[in-house]
Amino acid sequence: MGFEDQRFNVNLSILFTELPLLERPAAAAAAGFTAVELWWPWIDSPTPGRSELDALRTAIEDAGVRLTGLNFYAGLLPGPDRGALSVPGAESDRFRANADVAADFAGSLGCTALNALYGNRVDGVDPAEQDALALENLVLAARAAHRIGAILLIEALNRPESPRYPLVSASAAVGVVDKVNEASGLANARFLMDLYHLSKNGEDLPAVIDRYTSATGHVQIADDPGRGAPGTGSLPLEELLGRLREAGYDGWVGLEYKPGDRPSSEAFAWLPRAARRPS
């Protein structure tokens, strides 16, 4: 199995960011892709106005691409924040206000995967208090996702780049997935397996794939070191994605890497154009 056996989408919050948001879907289509994903695009607002939502929806529809993944509001991302749902006070309130807005936007475009970043630890707050708040908000998110027929994704990040984020292993993230499914009774929470983050954490990636593919709802990739395109680092990404396919994963693989010192349109030479459109 090779890259041509995968279904790739482009994350428009890390690729094509040299362009205005509304021009990125068309740029992804021009590069040969049929699907895109996004972090929450309005970092200053969990509840943007209808005109902003409609403009992005139109840009995606007009480009002829499919939105396959969307983050809930996660604070300043990229930036110091790593989610809002476990942060007491105003940030938790923003996440809650965003839950139905994000779900409605995703549902209007047929998007069936919503990612909820857990949030950083906060000085002076008991981690157990944050975890209880996180579970409450993740159940709310699971219900919002269920309403539109979507799954809720829970992601492990990496400790070197996110030292205050508590979910920095596959087992930790899957443990939260299990708690959310038990608490909600919906069984729609799934693991987001980001091979870059797991590699930065020093995990045994073949072992992670073998153990957790059945719990996985989405996969993202970037090479390590550097978080660049496949082939710029040392990760055997083609082999790892083949192992995922053999383990039963047939979902989308999000391209969540930095283009480097070049336009994003030039950052896909590793993938033949014919392989950018799933068969």
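What you see below is based on every heavy atom in this structure, not just the backbone, and it leaves out hydrogens, waters and symmetry mates.
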Under the 3.5 angstrom rule, does the side chain of [X] hit a backbone N or O of [Y] as a donor-acceptor pair?
{"X": "Arg245", "Y": "Asp5", "answer": "yes"}
{"X": "Asn120", "Y": "Asp81", "answer": "no"}
{"X": "Tyr212", "Y": "Met193", "answer": "no"}
{"X": "Gln220", "Y": "Gly254", "answer": "no"}
{"X": "Ser45", "Y": "Thr47", "answer": "yes"}
{"X": "Tyr165", "Y": "Tyr118", "answer": "yes"}
{"X": "Trp40", "Y": "Trp42", "answer": "yes"}
{"X": "Arg24", "Y": "Val36", "answer": "no"}
{"X": "Ser264", "Y": "Pro259", "answer": "no"}
{"X": "His218", "Y": "Gly251", "answer": "no"}

Report the residues that fulfil side-chain hydrogen bond (donor to acceptor under 3.5 Å, both in side chains) with [X], sequence neighbours left out, ordered by chain and then residue number.
{"X": "Arg94", "value": "Glu91"}
{"X": "Ser169", "value": "Ser171"}
{"X": "Tyr196", "value": "Glu161"}
{"X": "Arg159", "value": "none"}

Pairing residues for [X] by the salt bridge (Lys or Arg N to Asp or Glu O under 4.0 Å) criterion, not counting sequence neighbours:
{"X": "Asp210", "result": "Arg243"}
{"X": "Asp54", "result": "Arg57"}
{"X": "Glu61", "result": "none"}
{"X": "Glu37", "result": "none"}

How long is the gap from [atom1] on [X] to [atom2] on [Y], to the nearest 0.5 Å?
{"X": "Trp252", "Y": "Thr34", "atom1": "CH2", "atom2": "OG1", "value": "4.0 Å"}
{"X": "Glu155", "Y": "Leu117", "atom1": "CD", "atom2": "CG", "value": "5.5 Å"}
{"X": "Ile43", "Y": "Leu77", "atom1": "CD1", "atom2": "CG", "value": "8.5 Å"}
{"X": "Lys258", "Y": "Thr232", "atom1": "NZ", "atom2": "OG1", "value": "11.0 Å"}
{"X": "Leu76", "Y": "Asp44", "atom1": "CG", "atom2": "CG", "value": "7.0 Å"}
{"X": "Leu138", "Y": "Leu85", "atom1": "CG", "atom2": "CG", "value": "4.5 Å"}

Are [X] and [Y] side-chain neighbours, meaning at least one heavy-atom pair lies under 4.5 Å?
{"X": "Asp194", "Y": "Ile221", "value": "no"}
{"X": "Thr112", "Y": "Ile148", "value": "no"}
{"X": "Leu70", "Y": "Leu109", "value": "no"}
{"X": "Leu255", "Y": "Phe33", "value": "yes"}
{"X": "Pro272", "Y": "Glu4", "value": "no"}
{"X": "Leu241", "Y": "Leu195", "value": "yes"}
{"X": "Val101", "Y": "Pro46", "value": "no"}
{"X": "Ile14", "Y": "Arg227", "value": "yes"}

Among Asn11, Asn71, Leu56, which one satisfies side chain to side chain contact (heavy atoms under 4.5 Å, CB included) with Leu38?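 Only match with Leu38 under side chain to side chain contact (heavy atoms under 4.5 Å, CB included): Leu56.
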Sort and list the pairs that fulfil side-chain hydrogen bond (donor to acceptor under 3.5 Å, both in side chains) and have at least one residue in residues 173-191, not counting sequence neighbours. none
Just grab all the side-chain hydrogen bond (donor to acceptor under 3.5 Å, both in side chains) pairs involving residues 198-208, residues at least two apart or on different chains. Ser199-Asp224
Can you check salt bridge (Lys or Arg N to Asp or Glu O under 4.0 Å) on Arg121 and Asp131, steps first, answer last? CA-CA 10 Å; Arg121 290 304 192 202; Asp131 291 340; 3.0 Å; yes
Looking at Arg96 and Glu136, is any side-chain nitrogen of the basic one under 4.0 Å from a carboxylate oxygen of the acidic one? yes
Would [X] end up clustered with [Y] when hydrophobic side chains under 4.5 Å apart are linked, directly or stepwise?
{"X": "Leu153", "Y": "Val219", "answer": "no"}
{"X": "Trp39", "Y": "Leu12", "answer": "yes"}
{"X": "Val122", "Y": "Leu167", "answer": "no"}
{"X": "Val180", "Y": "Ile151", "answer": "no"}
{"X": "Val176", "Y": "Leu135", "answer": "yes"}

Closest non-hydrogen atoms of Ala103 and Arg147, given as atom of the first, atom of the second and distance, are CB-NH2, 3.8 Å
Shortest non-hydrogen pair, Val208 vs Ala170, comes out as CG1-CB, 4.0 Å
Which residues satisfy the ring-ring contact (aromatic ring centres under 6.0 Å, His included) test with Phe8, sequence neighbours excluded? Trp270
Determine which pairs satisfy ring pair (Phe, Tyr, Trp, His ring centres under 6.0 Å) with at least one residue from residues 55-76, sequence neighbours left out, and list them in order.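 The answer is Phe72-Phe95.
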Arg7 vs Asp250, salt bridge (Lys or Arg N to Asp or Glu O under 4.0 Å): CA-CA, chis, key distance, verdict: CA-CA 8 Å; Arg7 293 195 294 156; Asp250 62 357; 5.2 Å; no
